[in-house]
Student: 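Got a structure for you, written out below as structure tokens; questions coming shortly.
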Amino acid sequence: MDASAGPGGLAGTVPARTGPGGPSGSAPAPGAVIPGAGPTAAPGSRPTVKLREAAPDDPPRYAPEWLELREPADAAARAHDLLDPLRIRLANLPGKSGVVIHDLGCGTGSMGRWLAARLDGAQHWILHDRDPYLLHFAAVASPRSAADGSRVSVETRRGDVARLTADALHGASLVTASALLDVLTREEIDTLAAACAGAGCPALLTLSVAGRVELTPSHPLDAEITRAFNDHQRRDGLLGPDAVTVAAEAFSAHGATVRLHPSPWRLGPEQAALTEQWLRGWVGAAVEQRPELRAEAEVYLNNRLRQCAEDELRVTVHHTDLLALCHPVDGAS
């Protein structure tokens, strides 16, 4: 999601088109929300990696700073238990020329940096994103070798995930995405499932929000902020916390074997910078959805930020990873 300022001082903004960590690796200004960590800038704007062609003045939905900040937590959260069945499927592919992996909504390429080093054999990654600026970062920072030292190559593409077809995935060994499903509509998820099934390739779709957050110590407003945030995630037909269930049903309807596994962020003192940004975005989105919460939410946010700064806050943000093993179309087992 984009950042939004809004009246009342809940959130500020910082420029999006800077490199990871800011122009010279600097931290965001106090009180600022990195674009991507807060709610969308305008009603009706799509908060994500929509892969449509962007207008020249259309800002990126995610800033590299936010993606860099969350990457370690994402890497720690992703479900390793889904890798073994994926490895077995890839090992049974016909031919020995390596695998072709399409990474949808790649951002700065964190999925490739996490997964390439956990798979054996030559890999060719095709990185998709709507933002050429993020595609540049993803290509530059892409891994160069697999777990066994085999070569990893990369190319970038701009396109539209809502129009993804089996033909576009012809020759694909795997489709991946991270934090994508919850910002799609039901129709878009069905399009994705149909494309993967038609191409006979599995899909590893990680870090979809589950709609549950645990904060320690607890606060009476936690549940209300959570409900408002979840409603914000569901606006304009997006699925938000319902996405994993819808995706599992869609892939299953297309004949895939679906496995789900929890992949929570567990944020403590070592993740304080991420926790601060997440808090500002989480509360800001809740207030955007329910403006009547603003006065209470501002006190709540200030209290939570103080706890974070004093190493008193622990946060678990629940996500779910999905592995869909679509039926092969080429005789592979």
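These numbers come from a predicted model, not from an experiment.
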Student: Linking I/L/V/M/F/W/Y whenever their side-chain heavy atoms sit closer than 4.5 Å, directly or via other members, would Leu67 and Val317 fall into one cluster?
Tutor: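 Linked within one cluster.
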Student: Do any N or O atoms from the side chain of Arg158 and from the backbone of Arg130 form a donor-acceptor pair under 3.5 angstrom?
Tutor: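 Looks like yes, one N/O pair under 3.5 Å.
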Student: Verify the cluster assignment for Leu164 and Ile126: are they in a single hydrophobic cluster under the rule of side-chain heavy atoms below 4.5 Å apart?
Tutor: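 No, it is not one cluster - the side chains of Leu164 and Ile126 are not joined through contacts under 4.5 Å.
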Student: Any chance the side chains of Gln123 and Trp125 put a donor and an acceptor closer than 3.5 Å?
Tutor: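 Judged by distance alone, the side chains do pair up.
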Student: Check the pair Leu135 / Asp131 against side chain to side chain contact (heavy atoms under 4.5 Å, CB included), numbers first and verdict last.
Tutor: CA-CA 6 Å; Leu135 283 173; Asp131 186 350; over 6 Å; no
Student: Is a side-chain donor or acceptor of Asp182 paired with a backbone partner of Pro241 at a separation under 3.5 angstrom?
Tutor: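 Not confirmed, Asp182 side chain does not pair with Pro241 backbone.
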Student: Quick check: does any side chain N or O of Arg290 sit under 3.5 Å from a backbone N or O of Ile225, one acting as donor and the other as acceptor?
Tutor: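 Judged by distance alone, no pair lies under 3.5 Å.
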Student: Tell me whether the centres of the aromatic rings in His80 and Trp114 are closer together than 6.0 Å.
Tutor: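 Yes, they do, as the ring centres are separated by less than 6.0 Å.
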Student: Do other residues, nucleotides or ligands put more than 12 heavy atoms under 6.0 Å from Glu155 CD?
Tutor: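 Enclosed.
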Student: Using every non-hydrogen atom in the two residues, find where Gln307 and Pro217 come nearest and quote the distance to one decimal.
Tutor: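 What the structure gives for the nearest pair is NE2-CG, 3.6 Å.
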Student: Which atoms form the tightest heavy-atom contact between Val283 and Ala297, and what is the distance?
Tutor: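 Of all heavy-atom pairs spanning Val283 and Ala297, the closest is CG1-CB, 3.8 Å.
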Student: Of all heavy-atom pairs between Gly268 and Arg314, which one has the smallest distance, and what is that distance?
Tutor: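 That would be CA-CD, 3.9 Å.
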Student: Given side chains that start at C-beta, do those of Pro85 and Leu323 come closer than 4.5 Å, heavy atoms only?
Tutor: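 Yes; the side chains approach each other to less than 4.5 Å.
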Student: Rounded to the nearest 0.5 Å, how far does CG of Leu322 lie from CG of Leu82?
Tutor: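 If I round to the nearest 0.5 Å, the distance is 8.0 Å.
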Student: So which pairs with a foot in residues 247-265 pass side-chain hydrogen bond (donor to acceptor under 3.5 Å, both in side chains), sequence neighbours left out?
Tutor: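 Of all non-adjacent pairs touching residues 247-265, those that pass side-chain hydrogen bond (donor to acceptor under 3.5 Å, both in side chains) are Asp74-Trp265, Asp81-His261, Ser263-Asp321.
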Student: Looking only at heavy atoms, which two atoms of Val152 and Ala116 are closest? And how far apart?
Tutor: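 Reported closest heavy-atom pair: CG2-CB, 4.4 Å.
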Student: Would you call Thr165 and Leu169 a side-chain contact if the rule is heavy atoms closer than 4.5 Å?
Tutor: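 Heavy-atom side-chain distance check fails, nothing below 4.5 Å.
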Student: Would you check if the side chain of Ser173 reaches a backbone N or O of Val100 as a donor-acceptor pair within less than 3.5 Å?
Tutor: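 Present.
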Student: Check Thr108 against Arg113 and note the closest heavy-atom contact, atom names and distance.
Tutor: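 Here Thr108 and Arg113 meet closest at O-NH1, 2.6 Å.
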Student: More than 12 non-hydrogen atoms from neighbouring residues, nucleotides or ligands closer than 6.0 Å to NE2 on His219, yes or no?
Tutor: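 Correct, the count exceeds 12.
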Student: How long is the gap from NE2 on His128 to SG on Cys106, to the nearest 0.5 Å?
Tutor: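 SG of Cys106 is found 8.5 Å from NE2 of His128.
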Student: Asn303 and Arg306: side-chain donor and acceptor closer than 3.5 Å?
Tutor: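 Judged by distance alone, the side chains do pair up.
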Student: Any side-chain heavy atom of Arg89 within less than 4.5 Å of one from Pro328?
Tutor: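 Answer yes - side chains close enough.
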Student: What is the ring orientation for Tyr133 with Phe137, classed by angle as parallel under 30°, tilted 30 to 60°, or perpendicular over 60°?
Tutor: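 Perpendicular.
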Student: Please table the atom pairs, donor to acceptor, closer than 3.5 Å between any side-chain atom in residues 192-216 and protein atoms at least two apart or in another chain.
Tutor:
from   : atom 1 : to     : atom 2 : distance (Å)
Thr206 : OG1    : Arg78  : NE     : 3.3
Thr206 : OG1    : Ala177 : O      : 3.4
Thr206 : OG1    : Ser178 : OG     : 3.2
Glu214 : OE2    : His318 : NE2    : 2.9

Student: Which heavy atom in Asp129 sits nearest to a heavy atom in Gly107, and how many Å separate them?
Tutor: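 Smallest heavy-atom distance, with atoms named: OD2-N, 2.9 Å.
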Student: How would you list all residue pairs meeting side-chain hydrogen bond (donor to acceptor under 3.5 Å, both in side chains) that involve residues 134-148, not counting sequence neighbours?
Tutor: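 For residues 134-148: Ser142-Arg144, Asp148-Ser150.
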Student: Could Arg304 and Asp222 be called an ion pair, given the rule that one side-chain N must be under 4.0 Å from one carboxylate O?
Tutor: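 Yes.
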Student: Near Glu187 CD, under 6.0 Å, is it more than 12 heavy atoms from other residues, nucleotides or ligands?
Tutor: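 At most 12 heavy atoms, drawn from other residues, nucleotides or ligands, come within 6.0 Å of this atom.
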Student: Between atom CG of Leu313 and atom CD of Gln271, what is the distance when rounded to the nearest 0.5 Å?
Tutor: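 That separation rounds to 11.5 Å.
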Student: Would you kindly say whether Gln277 and Arg280 are connected by a side-chain donor-acceptor distance under 3.5 Å?
Tutor: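 Their side chains do not contain a donor-acceptor pair, so the 3.5 Å distance test is not met.
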Student: What's the separation between atom CZ in Arg157 and atom CG in Leu104, rounded to the nearest 0.5 Å?
Tutor: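 One gets 11.0 Å once the value is rounded to the nearest 0.5 Å.
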Student: So, do Thr316 and Leu267 sit near enough that their side-chain heavy atoms are less than 4.5 Å apart?
Tutor: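 SC-SC contact between Thr316 and Leu267 ruled out.
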Student: CZ of Arg186: more than 12 outside heavy atoms within 6.0 angstrom?
Tutor: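 For Arg186, atom CZ is not crowded (no more than 12 foreign heavy atoms under 6.0 Å).
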Student: Let me confirm one number: the CZ-CG distance from Arg234 to Asp242, rounded to the nearest 0.5 Å.
Tutor: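 Atom-to-atom, Arg234:CZ and Asp242:CG are 4.0 Å apart.
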Student: Could you tell me if the side chain of Phe229 sits less than 4.5 Å from the side chain of Gln289, heavy atoms only?
Tutor: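 No. Closest side-chain heavy atoms not under 4.5 Å.
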Student: Quick one: does any side-chain atom of Glu296 pair with a main-chain N or O of Leu293 as donor and acceptor, under 3.5 Å?
Tutor: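 Side chain of Glu296 to backbone of Leu293, a donor-acceptor pair under 3.5 Å: no, none is there.
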Student: Mind checking whether Leu184 and Leu239 have side chains closer than 4.5 Å, heavy atoms only?
Tutor: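 No, their side chains stay 4.5 Å or more apart.
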Student: How long is the straight-line distance from CG of Leu83 back to CD1 of Ile88, given to the nearest 0.5 Å?
Tutor: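 Those atoms lie 11.0 Å apart.
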Student: Taking C-beta and beyond as the side chain, do Leu260 and Val244 meet within less than 4.5 Å on heavy atoms?
Tutor: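 In short, these two side chains touch, coming nearer than 4.5 Å.
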